[in-house]
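Along the sequence shown, residues are numbered consecutively beginning with 1. For ligands, and for the atoms within them, numbers begin at 1 and follow the listed sequence.
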Amino acid sequence: MRDPEKLEAETWLVSAGRPEAAGEPLNTPLVVASTFRYGADRGYSRNEGSPTWESLETIVGGLEGGEALSFSSGMAAIAAALDLVPVGGEIVYPDDCYQGVATHLAKGASQGRWTVRQLPAEDTEGWLAAVDSAAMLWLESPSNPLLAIGDIAGICAVARDSTTLVAVDNTFATPLNQRPLERGADVVVHSATKYIGGHSDLLCGIAVARSPEHAEQIRLSRVIQGATPGAMEVFLATRGIRTLAVRLRTAEAHALELAKRLQAHPSVIVTRYPGLADHPGHALAAQQLDGFGSMISFDLVDAGAADLACERMQLVEHATSLGSVESTIERRATTPGQEHLPPGLLRMSVGIEAVEDLWADIEQAIAP
Ligand SMILES: *Cc1c(COP(=O)(O)O)cnc(C)c1O
């Protein structure tokens, strides 16, 4: 067995989770089976999983440093992680975070499943003070779409001595740029739909737990709620993650260049990218992340200017979602539940196209 401790992450991504016996295929086959012959430890795939899922789980679990479980979507993985919260427990979550999480938390609160409270990601003192009362701290850093940076290690250092669980949505950072379990978090979730899949052609989620007990509870949620991934989706996500390092390094180099040019452009009011020296979370991001990622948000003067820019884009796709080889852009305040965002805020996921082609497209689109 290959050992994640002895290999660089880039090597692990390529070499882990493959069949190893002589005569076997190099790639884990797409196993399309709901049931397996009795006599070994795998019976029904909703319960015991499938070899196809296990490849992806080995790769991501090895990188994150925990036990990974694949799900039908990021939201399914998130719902399973939230099942760890005891009935009536308090969940503290960031005031800027993935809208699906905010909606799920509000729904659960209205049904009496848990109570909720929001804090700004950067308010480390507030998060530390919440450790005493909270059952779970839900962190997302960098956050969606304001790219705020929370102090994951600082918060985990305090939460670790309590019964409070720390869960981190690591979708924007990817397991290549940030490994919260190493910093003391209990659970990490990913929308593998995004950077892990990397091609906008699948829905998949992953939850990773540091302790075998939490992993077992998350597995049980998957078994009883049935939020299992499709074999084809996991096969594609595994194929996608093999190239995560080259995709991400290229996209984030382009993102830094574009962020600098946006910042200097007269049509742009503010540019948010953690790799910019004047981003409020830059120093913390530099410590906590192995790369600044490929998400940028920037504001044009108003909704009209932002809508016009989206319409004018020729190369950058006007579409939601992120983390793919192609660049996408959207005006985020059009997302239900995100009407509070600056009306001219554009969220861009930078892809791997040539950076000068991207800039030429953006420049013509945002011209006054
Ligand atoms: C997309 C996304 C999710 C939800 O994932 P799905 O695969 O769409 O269910 C959760 N968190 C973040 C940060 C995301 O970007």
Side-chain angles (χ1 to χ4, degrees), residues 53 56 60 64 68-83 91 93-107 118 121 136 138-150 152 167-178 180 185 187-208 218 221-222 225-230 232-234 236-237 240-241 244 248 251 255 272 274 289 292-297 319-324 327-330 332 335-338 341 345 347-351:
W53 303 358
L56 183 64
V60 177
E64 291 279 9
L69 292 148
S70 48
F71 284 84
S72 52
S73 68
M75 282 308 297
I78 287 164
L82 291 171
D83 281 346
I91 303 170
Y93 71 107
D95 58 6
D96 183 53
C97 78
Y98 183 67
Q99 186 53 39
V101 172
T103 305
H104 185 66
L105 290 176
K107 177 168 176 275
Q118 285 186 290
M136 179 182 274
W138 186 271
L139 305 179
E140 182 182 316
S141 177
S143 71
N144 179 12
L146 296 176
L147 299 165
I149 305 294
I152 296 175
V168 181
D169 186 334
N170 208 23
T171 301
F172 271 35
T174 83
L176 204 56
N177 277 347
Q178 181 166 272
V187 184
V188 161
V189 294
H190 286 281
S191 170
T193 309
K194 315 293 169 55
Y195 288 96
I196 289 176
H199 296 78
S200 303
D201 55 4
L202 61 93
L203 285 166
C204 183
I206 300 175
V208 197
I218 291 170
S221 289
R222 185 174 70 178
Q225 290 161 6
T228 52
M232 183 66 173
E233 281 73 5
V234 179
L236 287 172
I241 203 173
L244 175 63
L248 185 64
R272 301 173 201 82
L289 292 160
F292 297 111
S294 71
M295 298 301 297
I296 302 175
S297 69
T320 194
S321 200
L322 57 114
S324 188
S327 298
T328 54
I329 199 161
E330 66 178 322
R332 206 55 197 165
T335 304
Q338 303 228 296
L341 289 169
L345 183 149
R347 189 190 75 179
M348 180 170 176
S349 170
V350 179

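Residues Leu345 and Gln338 fail the side-chain proximity criterion, which asks for heavy atoms closer than 4.5 Å. Looking at heavy atoms from C-beta onward, Leu244 lies in side-chain contact with Tyr195 at the 4.5 angstrom threshold.
When the ring-ring contact (aromatic ring centres under 6.0 Å, His included) test is applied to Tyr93, no partner is found at least two apart in sequence or on another chain. Remark: His104 engages Trp114 in a ring-ring contact (aromatic ring centres under 6.0 Å, His included) (not counting sequence neighbours). Partners of Ala251 by side-chain contact (heavy atoms from CB on, under 4.5 Å), not counting sequence neighbours, listed by chain and number: Ser294, Ile352.
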| query | Do Glu64 and Asn170 pass the side-chain hydrogen bond (donor to acceptor under 3.5 Å, both in side chains) test, and can you show the C-alpha distance, the side-chain angles, and the key distance before you say yes or no? | reply | CA-CA 10 Å; Glu64 291 279 9; Asn170 208 23; 3.0 Å; yes

Please tabulate, one line per pair, the protein N or O atoms found under 3.5 Å from any N or O atom of ligand 1, giving the distance to one decimal.
| from | atom 1 | to | atom 2 | distance (Å) |
| --- | --- | --- | --- | --- |
| ligand 1 | 5 (O) | Ser191 | OG | 2.9 |
| ligand 1 | 7 (O) | Gly74 | N | 2.8 |
| ligand 1 | 7 (O) | Ser191 | OG | 2.8 |
| ligand 1 | 7 (O) | Thr193 | OG1 | 2.7 |
| ligand 1 | 9 (O) | Gly74 | N | 3.1 |
| ligand 1 | 9 (O) | Met75 | N | 2.8 |
| ligand 1 | 11 (N) | Asp169 | OD2 | 2.6 |
| ligand 1 | 15 (O) | Lys194 | NZ | 2.8 |

